[in-house]
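Below, chain A is the first sequence line, B the second, and so on; all start at residue 1.
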Number of protein chains: 2
Amino acid sequence: MIEITDATVLTRLRDFLATAALPDDGRLPPERELAQSLEVGRAALRKALATLQSEGVVWRHVGKGTFTGERPIDTVADINAMVQRTNPLEVMGARIAFEPEVARCAALHATAGQVAEMRSCMLKAQQAPTWRQYEQWDNRLHRTIGEASQNSLLLGLLDTLNAVRRAVTWGRLRDTPLRPPADHHSFEEHARIVAAIADRDGAGAADAMRRHLRSVESHMRDRL
Amino acid sequence: MIEITDATVLTRLRDFLATAALPDDGRLPPERELAQSLEVGRAALRKALATLQSEGVVWRHVGKGTFTGERPIDTVADINAMVQRTNPLEVMGARIAFEPEVARCAALHATAGQVAEMRSCMLKAQQAPTWRQYEQWDNRLHRTIGEASQNSLLLGLLDTLNAVRRAVTWGRLRDTPLRPPADHHSFEEHARIVAAIADRDGAGAADAMRRHLRSVESHMRDRL
DNA sequence: AACCAAAACCAATTCGAAATTGGTTTAGGC
DNA sequence: GCCTAAACCAATTTCGAATTGGTTTTGGTT
């Protein structure tokens with residue numbers, strides 16, 4: 001067996017990468033297979049791959065394979081991982097940071113139909129006979145505001161945030177009054193948010209949402 | 001076999017729900033098993049379950065099972081779905097809405113170590129010999145800002161946003177100059193953001209980040 | 001003794017068939 | 001005609017085998 005230098009292996013690998021027809025996800029053949037087809041040993045190939053990985057040309061993962069390009073951040077938006085890592089106060093903090101900006105975008109982009117739906121959700125929340133149904137309409141209202149931003153990515157992030165929020169607060173049954181009291185603070189706060197959005201007042205909508213969420217946060221702290 | 005009325009089945013089911021020790025995810029036993037233990041037929045049980053489902057008491061899904069409570073919104077934050085639905089302009093819009101608020105939180109919560117890391121990333125981005133390495137340090141800088149918010153959920157949402165962003169812009173290789181020019185606009189903008197964060201100036205940090213992203217957006221539009 | 005290549009082993013992940021679960025239809029009894 | 005049980009179908013989960021990268025061991029050569 002003629003001795004093959006590290007440089008030769010690296011050159012063959014680069015040539016391979018420059019010419020091979022790879023699948024869409026940029027996945028290379030398995031090391032054992034690639035070593036064979038390049039006529040080099042697996043250990044030498046692994047050395048060359050390590051070099052390319054340090055240059056950001058490829059990335060490798062046990063059990064998955066070897067891929068061209070930079071290693072993606074592991075954000076397979078894993079909701080369960082987020083739920084394990086966070087807590088109710090963080091959730092409130094994230095909501096206070098994020099949702100006013102969603103409301104701001106909604107004020108600039110909402111359709112008349114969406115504003116009408118916000119009003120409908122708001123009224124139904126007020127008339128809800130049980131807490132559970134109140135929360136259904138509350139959720140519907142907040143999501144309609146996200147839809148009204150006309151930005152599917154913002155909506156996706158809002159949905160992610162809400163999924164985490166529900167999981168974090170899961171099991172917290174309200175064994176208190178059957179339904180929200182008539183003077184439930186959120187009613188007036190919802191009305192202010194929706195009015196600002198209807199008025200196309202971005203700053204007003206963001207401010208009203210921020211006040212609403214700080215109010216929710218304050219009530220939440222009272223219950224701890 | 002004594003005839004069992006629908007009302008009886010429903011009562012037994014409600015009693016079961018009121019007393020059973022269910023797993024954390026609220027999953028009920030499989031229909032066939034539950035029918036047996038309640039001593040009712042499966043068809044009758046299914047009828048009762050349908051009633052409870054219409055009341056929002058339980059939800060059912062083929063292949064998964066039957067669970068207490070409301071059916072969760074399908075927000076298994078699916079990054080691929082987000083990528084399919086969005087576009088570069090939406091990504092920029094979402095960044096402009098979201099990242100200034102992350103910077104604001106970072107200004108209030110960053111540790112000295114994190115500020116030092118931001119500075120390091122900033123300098124390394126400036127000195128990067130290739131666009132690829134510039135982008136690595138740029139990404140690192142933005143993520144450190146997210147970490148500095150000390151809110152794992154905000155960081156999770158930022159990571160999600162960045163994963164979508166990379167997927168949406170994937171394949172856009174920079175075949176232009178080998179490295180960023182010395183007067184690349186982002187350098188000064190990065191410096192302003194980091195300075196505001198170090199100064200604990202939340203509004204200043206948010207404003208600097210917003211300006212930076214609007215600048216990026218503007219350059220992006222110039223390239224379309 | 002040092003080095004290298006191949007083989008063996010280990011940990012993480014994927015794959016696919018079988019099993020499970022809700023949804024629907026069919027068959028048989030009253 | 002109605003009801004019940006059984007059979008069938010579609011969606012999902014489960015689990016062992018296979019695959020893939022990472023590391024160690026073995027054996028040969030210098």
- Task: Decide yes or no on side chain to side chain contact (heavy atoms under 4.5 Å, CB included) for B/L13 and B/L34, but give the supporting numbers first.
- Result: CA-CA 9 Å; B/L13 185 53; B/L34 188 54; 4.0 Å; yes
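What separates CZ of B/R46 from P of C/dT21 is a distance of 14 Å, to the nearest Å. Counting to the nearest Å, the P atom of D/dC2 and the NZ atom of B/K47 are 11 Å from each other. In this structure, the CD atom of A/E31 is 21 Å from the P atom of D/dA18, given to the nearest Å. The separation between B/L34 atom CG and C/dG23 atom C1' is 16 Å, rounded to whole Å. Going from atom CZ of B/R32 over to atom P of C/dT20 covers 10 Å, rounded to whole Å. When the P atom of C/dT24 is taken as reference, atom CG of B/L45 falls 15 Å away, rounded to whole Å. With rounding to whole Å, B/W59 atom CH2 is found 11 Å from D/dT12 atom P. Rounded to a whole Å, the NE2 atom of B/H61 is 14 Å from the C1' atom of C/dT20.
Between A/E117 and A/R140 a salt bridge is recorded (basic side-chain N to carboxylate O distance below 4.0 Å).
More than 12 heavy atoms of other residues, nucleotides or ligands sit less than 6.0 Å from atom CD of B/Q127.
Under the 30°/60° scheme for interplanar angles, the aromatic rings of B/F98 and A/F98 are found to stand perpendicular.
The side chain of B/R42 approaches C/dT24 more closely than any other nucleotide in the set D/dT20, C/dT24, C/dA8. Side-chain atoms of B/P30 lie closest to C/dG22 of the nucleotides C/dT13, D/dG21, C/dG22.
Contact annotation: B/R60 does not reach the phosphate of C/dT21 (side-chain N/O to OP1 or OP2, under 4.0 Å). Residue B/T66 places at least one side-chain N or O closer than 4.0 Å to OP1 or OP2 of C/dG22.
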